[in-house]
Amino acid sequence: MNTTTKTISIIFILLIFLLNSCSSEETKYIPPTLVNFPESGLLGQPIVIEIKNFEIGKLQVFFDLEEAQVNYVSDKEIMVIVPRTIKTNTPTLKVIDLNENKTILNQTFSLKKPIISKYSSDKITFNETFSIYGENFDLLKDFITVTVNNEKAIIKNVDYNKIEIEIPNKIKTANLEIKVRAQLQEVVSILPLLLESPMISGINNSSTWIGAQLIVFGENFNPNLGFGEVFINDIPCYFTASNNKLSIDVPPGPHKDFKITNVKYKTAGLTTNFDCDVPILNDVIMVDYLKDINIQNPVIVYNNKAYQFKFKNKASYDFNFNYSLLEFSPTTEKWTELSSFSYAGYLSKIAFDGKKTVYLYKRSTAGNYSLSKFDLSTMVETPISLPFGNKIDNPILFAYQNNFYFIGGVIYNNGTSTVVQQKYQYSESTNSWKTLPTSAFSAFPNCDTSGCGESKCFFVGDDIYITIFTGIFRSYKINPNLDVKANIPYELLFEYSNKIFGLRPNSNNELYNVNTNAYKTLDYTSVLNYGSSFFSLNNEIYFTRNSWTVYHQNTLYTQKLRKEILNGL
């Protein structure tokens, strides 16, 4: 009995041992083994990783800190999508076995580098759709940037092998550099790419007006006005543009003649010129302009040149201006400043004797007046003593037959105004004064408490013509006997070919022959009465006036009158 019990116990123990041995062999864990993985890929695209002995649902995949969803393809492969949220093009690819919380892959993964292999063309123009071919771009526009000379281009279509863009307008040079940023990295193309040169093919206008639009047709213009320039007769212009059309505001000048002879266009370092012959229909053109200056006295013509005294407007009312002398050449049709004259104070009035002497009536900041004569041949100024004190304001001044005339005026003293009726004559030859009788030049308007008005004069043969403005214009002719012809019903403007031309009062664009009363109506841009001072040189007629267009604001224009309009007058 004991022997049997012993035997049974031994068998039981052996069975338990055998069962435990079998259980241990069945539950022993075998970890997954990495077989193969791709070292590069594309954003948003799948990659396949080969792993043996993995348990479904027990793998975790990261690109840096971005977890990727795991798809179990087979018992040996998993597939993951490269996250678009990664921050660098070389993230660390990590695979973790969750059974043991053990990393089985921890290696650098690289996004494939974009490659630019060719372009749709090696020459392009603005706003053109342009194709870039290559590899490893992207399917989503938001993950691609293309720049042309560092200016961002509009992306129209993308795939991994092609990008379509619109060429930007903010281009400063014709040699273009394309940069593509895709797959979180930038590549610079070494392929040559040039802007198409602009070309002007023709002008729509057969004639034009200043201020009107000149329509120019062509190709490869830049629609962005900030990156293009247009010139008419080498004058910078305001304009609008499309790729094949320029609408140019015709500038007032400086022109040489009454026609447009050249249109020039520039963009991105490229220039095109177009020679033409488009007549300007206006009666006047601007030949020169002076910025931020003032003149208050007539232009003087001496030795086939013109002169005027100018000062800069300081918005000052203290009668303290800085004057200089300008000289106008009929050859260049430009003013230049001379260093031979300067004066600080107020140049109240001037009178030219028609030969070489200019009389200067000056007012100091203290309110005292002085007189001098300025010789245009020597540029020497000589003072002249006054026989009547130094307080007379706003007289009538003119010089004629080697004499200078000082007529009337007004004296201001402590708020009261005293009218001066005396008339004086200064002799250049004797350097002396004499008082004229009250009957002398009695046809002139009487002075009042505001003075005698503004006057301007010019010489025709042996006669002198004077226009005086005292609220209205009155004009007079004086012959060598000092006889005065009064009540000439015109504001006298200029002499040309021994004819005198002027305006009727309140008529700013009807130019009259004063002797025949024949007239021509000028175009509306020739408002001759406003700030004008006429002079003739080299058989041409000029006048100065304030600017009147968007071009050259706060400037004094010198304009040339189309002399053909005087035909028949």
Side-chain angles (χ1 to χ4, degrees), residues 203 205-214 232-235 249-263 275-289 298-299 301 304-306 328-335 456 458-461 465 467 475 490-504 507-549 551 556-569:
I203 296 177
N205 310 59
S206 58
S207 60
T208 190
W209 294 83
I210 288 172
Q213 286 200 328
L214 192 75
I232 287 179
N233 294 352
D234 285 328
I235 305 163
D249 294 340
V250 178
H255 297 292
K256 281 289 187 181
D257 207 345
F258 289 83
K259 59 185 176 181
I260 295 172
T261 57
N262 180 265
V263 177
D275 292 328
C276 57
D277 190 355
V278 179
I280 296 174
L281 300 177
N282 297 72
D283 296 324
V284 297
I285 55 173
M286 186 258 283
V287 297
D288 194 17
Y289 65 94
V299 175
V301 174
N304 201 36
K305 291 183 179 179
F328 182 85
S329 166
T331 303
T332 63
E333 295 187 319
K334 305 294 179 189
W335 293 95
K456 56 184 176 181
F458 54 85
F459 300 88
V460 182
Y465 287 78
T467 294
S475 296
Y490 298 98
E491 176 197 357
L492 306 181
L493 298 179
F494 62 94
E495 176 273 334
Y496 188 77
S497 297
N498 291 318
K499 299 176 182 178
I500 303 168
F501 296 90
L503 299 174
R504 283 192 184 278
S507 173
N508 293 338
N509 65 339
E510 291 179 348
L511 186 64
Y512 283 81
N513 181 322
V514 170
N515 297 321
T516 66
N517 294 326
Y519 73 92
K520 290 271 184 80
T521 301
L522 306 184
D523 68 76
Y524 73 98
T525 62
S526 305
V527 188
L528 305 178
N529 193 38
Y530 181 65
S532 61
S533 181
F534 278 82
F535 59 99
S536 299
L537 286 173
N538 265 16
N539 201 35
E540 300 288 352
I541 306 162
Y542 303 94
F543 66 97
T544 61
R545 54 158 300 144
N546 294 334
S547 64
W548 42 268
T549 72
Y551 290 90
L556 184 78
Y557 281 5
T558 299
Q559 299 192 196
K560 179 160 62 176
L561 183 69
R562 187 194 300 274
K563 59 190 176 185
E564 287 78 13
I565 67 174
L566 302 181
N567 295 339
L569 287 184

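From a predicted model like this one, the values you see are computed outputs, not experimental measurements.
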Closest approach of [X] and [Y], non-hydrogen atoms and distance?
X      : Y      : value
Pro279 : Ser206 : CD-O, 3.2 Å
Leu492 : Lys456 : O-CE, 3.7 Å
Val299 : Ser533 : N-OG, 3.0 Å
Pro251 : Ile232 : CD-CD1, 4.0 Å
Ser536 : Ile541 : OG-CG1, 4.1 Å

Look only at the side chain of [X] and the backbone of [Y], and say whether a donor-acceptor pair between them is shorter than 3.5 Å.
X      : Y      : result
Asn233 : Lys259 : yes
Asn513 : Asn515 : yes
Asp288 : Thr558 : no
Lys520 : Ile565 : yes
Ser329 : Thr331 : yes
Asn282 : Arg562 : no

Sequence-distant partners of [X], side chain to side chain donor-acceptor pair (under 3.5 Å), two or more places apart:
X      : result
Asn567 : none
Asn539 : Tyr496
Asn498 : none
Thr467 : Ser475

With under 30° as parallel and over 60° as perpendicular, where do the rings of Phe535 and Trp335 fit, or are they tilted in between?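 The rings of Phe535 and Trp335 stand perpendicular, inter-plane angle above 60°.
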Contacts of [X] that satisfy ring pair (Phe, Tyr, Trp, His ring centres under 6.0 Å) - sequence neighbours left out:
X      : answer
Tyr289 : His552
Tyr512 : Tyr490, Tyr519
Phe501 : Phe494

How long is the span from the [atom1] atom in [X] to the [atom2] atom in [Y], to the nearest 0.5 Å?
X      : Y      : atom1 : atom2 : result
Ile210 : Ile260 : CD1   : CD1   : 8.5 Å
Ile285 : Phe258 : CD1   : CZ    : 4.5 Å
Ile203 : Leu214 : CD1   : CG    : 5.0 Å
Tyr465 : Leu493 : OH    : CG    : 14.0 Å
Lys499 : Leu569 : NZ    : CG    : 7.5 Å
Arg545 : Leu556 : CZ    : CG    : 9.5 Å

Partner set under side-chain contact (heavy atoms from CB on, under 4.5 Å) for Glu333, not counting sequence neighbours: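 In terms of side-chain contact (heavy atoms from CB on, under 4.5 Å), with neighbours along the sequence ignored, Glu333 is linked to Lys256, Val287, Phe328, Tyr542, Lys560.
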Establish, from distance only, whether the side-chain atoms of Asn262 and Asp234 form a donor-acceptor pair under 3.5 Å.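 Short answer, no.
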Stepwise side-chain contact (heavy atoms from CB on, under 4.5 Å) check, Leu566 with Leu511: CA-CA 9 Å; Leu566 302 181; Leu511 186 64; 3.6 Å; yes
List for me each residue that meets salt bridge (Lys or Arg N to Asp or Glu O under 4.0 Å) alongside [X], sequence neighbours excluded, and say none if there are none.
X      : result
Glu495 : none
Lys563 : Glu540
Lys334 : none
Asp257 : none

Could you tell me whether the side chain of Val301 reaches within less than 4.5 Å of the side chain of Phe458, counting heavy atoms only? no
